Protein chains: 2
Amino acid sequence: MSRQITPTQVDSAVTRSTQTITPLSSIRIDKDASTPIYLQIAEAIGSLLASGVLPPGYVLPPERVLCAQFGISRMTLRQAMSLLDREGLINSRRGVGTVVTHSRLRKQEQEALSFSEEIRARGGRPESRLISFELAIPTPPVRDFFELHELQKVYEIQRVRLKDGEPLALEFARLPERLCPGLERFDLARSSLYEILDQSYGIRTETCEEEISAEIPNSRQRKLLSLPARTAVLVINRKAYMEDGRPLELTRSVYRGDRYSAIIHSVRKNRSILPATGS
Amino acid sequence: MSRQITPTQVDSAVTRSTQTITPLSSIRIDKDASTPIYLQIAEAIGSLLASGVLPPGYVLPPERVLCAQFGISRMTLRQAMSLLDREGLINSRRGVGTVVTHSRLRKQEQEALSFSEEIRARGGRPESRLISFELAIPTPPVRDFFELHELQKVYEIQRVRLKDGEPLALEFARLPERLCPGLERFDLARSSLYEILDQSYGIRTETCEEEISAEIPNSRQRKLLSLPARTAVLVINRKAYMEDGRPLELTRSVYRGDRYSAIIHSVRKNRSILPATGS
DNA sequence: CTAGACCTAATGTCTAGACAAATAACGCCT
DNA sequence: AGGCGTTATTTGTCTAGACATTAGGTCTAG
């Protein structure tokens with residue numbers, strides 16, 4: 001709101017002269033460092049973007065000028081620019097130049113967070129109350145999802161999830177026993193399930209697919225969530241996969257509709273290398 | 001499910017010999033074409049990936065072999081590989097090689113679709129019934145969102161959205177008059193709003209931010225959506241921005257909870273050039 | 001005053017190398 | 001067998017150029 005520099009002023013007064021000092025002049029790189037040059041430059045420019053030193057609309061000096069300034073090859077500089085462009089931080093146009101993108105257009109990859117992480121990210125204090133913990137034979141659809149044989153079992157964990165001491169969600173998580181044998185040894189009311197999996201089993205989830213729907217809560221859900229009358233719930237079914245693509249977790253979460261909403265960032269026009277599927 | 005080639009077999013029997021014919025041998029590039037070489041290669045490999053000719057786990061020939069095969073420089077090949085890597089289609093590791101990623105780990109960027117597009121993508125027939133169309137003075141929060149002055153007005157469009165002839169959602173869209181003056185001339189029951197904006201005003205939305213929550217419908221919503229008793233609704237508040245970052249659209253959609261659910265793809269660990277914000 | 005030709009500056013594409021660093025496989029020695 | 005150093009293979013990083021393509025401005029001819 002209180003930007004002193006408009007794009008036009010920047011363009012004419014500062015950018016186009018190679019002699020003038022630009023905000024980029026302050027960047028120093030270390031060619032002998034263990035982090036590659038292109039990363040040093042991308043991070044340096046990235047923090048100038050984040051701090052607002054380079055405002056949206058700012059026209060960067062031409063690549064050749066920057067190359068000379070940093071004493072590097074143009075391909076190396078372009079590797080740095082490519083990283084910034086990939087995240088939607090800058091926008092290069094042939095014959096014109098490179099411009100800092102409007103902050104609202106920066107690409108935010110949808111990030112998969114655990115309940116604890118999400119609550120903390122929203123500035124709350126996460127807690128858990130364990131309702132039940134079982135090692136059970138899965139129903140056929142669950143067994144199919146986990147690609148299990150007849151006799152293999154899954155852990156079924158039901159917890160009430162609290163934010164700042166208040167019930168927020170009811171969580172029913174399922175994990176195959178094969179991936180985390182002995183899970184019953186851990187105190188799931190105290191520790192984050194994702195931390196246990198990571199630290200004790202070396203297992204991390206890599207991608208998630210979530211389906212979000214709205215429902216009227218049943219009496220059990222109303223009781224466990226202390227739901228006021230005439231309140232809907234947000235139901236999130238999450239399928240989580242590991243780094244090698246194997247299914248890891250199948251969770252159904254029921255959130256209080258009056259206290260929680262999901263947030264999605266999306267972009268228009270997903271031009272992909274892959275041909276469109278159409279399903 | 002019926003893959004004949006396991007990663008190991010591929011590795012030992014096909015990939016590691018530069019003389020043997022690999023599925024990549026079929027790729028032909030045209031150095032004089034208007035599409036750059038690296039794009040030709042990326043698209044060619046991309047379609048081999050999509051068709052399943054290169055199954056997950058398949059080890060690609062070394063870069064130097066491919067370079068020789070295509071008669072191109074290594075940097076050019078790496079530019080193609082970079083595109084594929086960016087979409088999570090392949091995974092390169094120094095000292096090891098490049099492997100085709102498991103299909104579930106392919107990065108799907110969350111895509112912003114209009115109602116019509118989404119219904120069609122799900123295999124349905126979209127329709128609209130116009131309820132009201134007004135040019136009104138916005139409330140202060142709406143005016144703030146659109147960054148308007150005191151007297152500037154916004155179009156307010158209420159429609160019932162149908163899928164295959166059945167009511168699915170109630171949509172309340174708002175657009176600033178300034179961006180699309182004369183919008184009232186168009187038949188919004190017949191044409192897609194996004195198509196009108198694109199074709200008649202040259203306006204496209206670039207990014208969206210959606211907030212999804214669950215509510216109990218009021219009597220008006222129940223009536224317009226022909227909602228059965230004891231059904232919740234999914235409420236989606238969408239903020240859409242144009243290619244230059246200016247706000248374009250503010251829409252509140254109310255979906256039937258028994259017929260619609262939102263789907264989200266997300267990834268774990270969003271390593272970014274930008275320092276973490278923490279808000 | 002306008003239309004078109006020309007020029008300039010910017011990014012896009014590409015080359016043919018070089019060295020570095022990580023990994024895995026091999027062979028040797030114990 | 002088992003551990004350890006060596007070596008070969010592979011991708012990662014980087015260079016110093018070259019020409020192509022695009023956009024926009026300038027100049028000129030009509």
Side-chain angles (χ1 to χ4, degrees), chain A residues 7-8 10-12 15-19 22 24 29-43 45 58-86 89-101, chain B residues 7-8 10-12 15-19 22 24 29-43 45 58-86 89-101:
Chain A
T8 322
V10 168
D11 192 354
S12 55
T15 311
R16 298 299 178 182
S17 157
T18 58
Q19 304 291 351
T22 76
L24 295 176
I29 60 170
D30 176 7
K31 291 201 181 184
D32 299 322
S34 63
T35 55
I37 297 174
Y38 74 92
L39 241 185
Q40 292 181 47
I41 293 180
E43 281 169 353
I45 297 182
Y58 180 93
V59 179
L60 294 182
E63 293 178 353
R64 289 193 155 84
V65 174
L66 291 176
C67 291
Q69 202 167 106
F70 298 138
I72 60 172
S73 166
R74 190 157 157 247
M75 288 302 275
T76 303
L77 179 76
R78 283 181 63 78
Q79 203 171 350
M81 301 303 240
S82 165
L83 281 187
L84 297 168
D85 185 78
R86 211 178 291 183
L89 300 173
I90 60 176
N91 186 268
S92 296
R93 275 169 50 207
R94 175 188 280 184
V96 181
T98 302
V99 184
V100 177
T101 309
Chain B
T8 322
V10 167
D11 192 353
S12 54
T15 312
R16 298 300 178 181
S17 157
T18 59
Q19 304 291 351
T22 76
L24 295 176
I29 60 170
D30 176 7
K31 291 201 179 184
D32 299 323
S34 63
T35 55
I37 297 174
Y38 74 91
L39 242 186
Q40 292 181 47
I41 293 179
E43 282 168 353
I45 297 181
Y58 181 93
V59 180
L60 294 182
E63 293 178 353
R64 290 191 154 86
V65 174
L66 291 176
C67 291
Q69 200 166 108
F70 298 138
I72 60 172
S73 166
R74 191 159 155 243
M75 288 301 275
T76 303
L77 180 77
R78 284 182 63 79
Q79 203 170 349
M81 300 303 243
S82 164
L83 282 186
L84 297 168
D85 185 78
R86 212 178 290 184
L89 300 173
I90 59 175
N91 187 268
S92 297
R93 274 169 51 206
R94 175 188 282 182
V96 181
T98 302
V99 183
V100 177
T101 310

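All values derive from a computational prediction rather than experimental measurement. Below, chains carry the letters A, B, ... as their sequence lines are ordered, and counting in each starts from 1.
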> Tell me the salt bridge (charged side-chain N to carboxylate O under 4.0 Å, His left out) pairs involving residues 63-73 of chain B, sequence neighbours left out?
Replying inline: B:Glu63-B:Arg74, B:Glu63-B:Arg78
>> In whole Å, I'd like the distance from the CG atom of A:Leu66 to the P atom of C:dA10.
In response: 11 Å
> By side chain to side chain contact (heavy atoms under 4.5 Å, CB included), which residues pair with A:Thr35, not counting sequence neighbours?
Replying inline: A:Ala33, A:Gln40
> Does A:Lys31 reach the main-chain N or O of A:Gly71 with its side chain, forming a donor-acceptor pair under 3.5 Å?
Replying inline: yes
> With side chains defined as the heavy atoms from C-beta onward, is the minimum distance between B:Leu77 and B:Tyr38 less than 4.5 Å?
Replying inline: no
> How does each nucleotide of nucleotides 11-16 of chain D score, in 5' to 3' order, for protein heavy atoms under 4.0 Å: base (B), sugar-phosphate only (S), or none (-)?
Replying inline: BBBBBB
>> Using the salt bridge (Lys or Arg N to Asp or Glu O under 4.0 Å) criterion, which residues pair with B:Glu43? Sequence neighbours excluded.
In response: none
> So do A:Val99 and A:Tyr58 actually touch side chain to side chain, heavy atoms under 4.5 Å?
Replying inline: no
Which atom pairs link the protein and nucleotides 3-8 of chain D when you take only N or O atoms and keep those under 3.5 Å?
none

>> Under the rule for side-chain hydrogen bond (donor to acceptor under 3.5 Å, both in side chains), what residues qualify as partners of A:Thr76, not counting sequence neighbours?
In response: none
>> So, using side chain to side chain contact (heavy atoms under 4.5 Å, CB included) as the criterion, who are the partners of A:Thr101 when residues are at least two apart?
In response: A:Asn91, A:Leu105
>> Distance check needed: C:dT13 P versus B:Asp32 CG, whole Å only.
In response: 16 Å
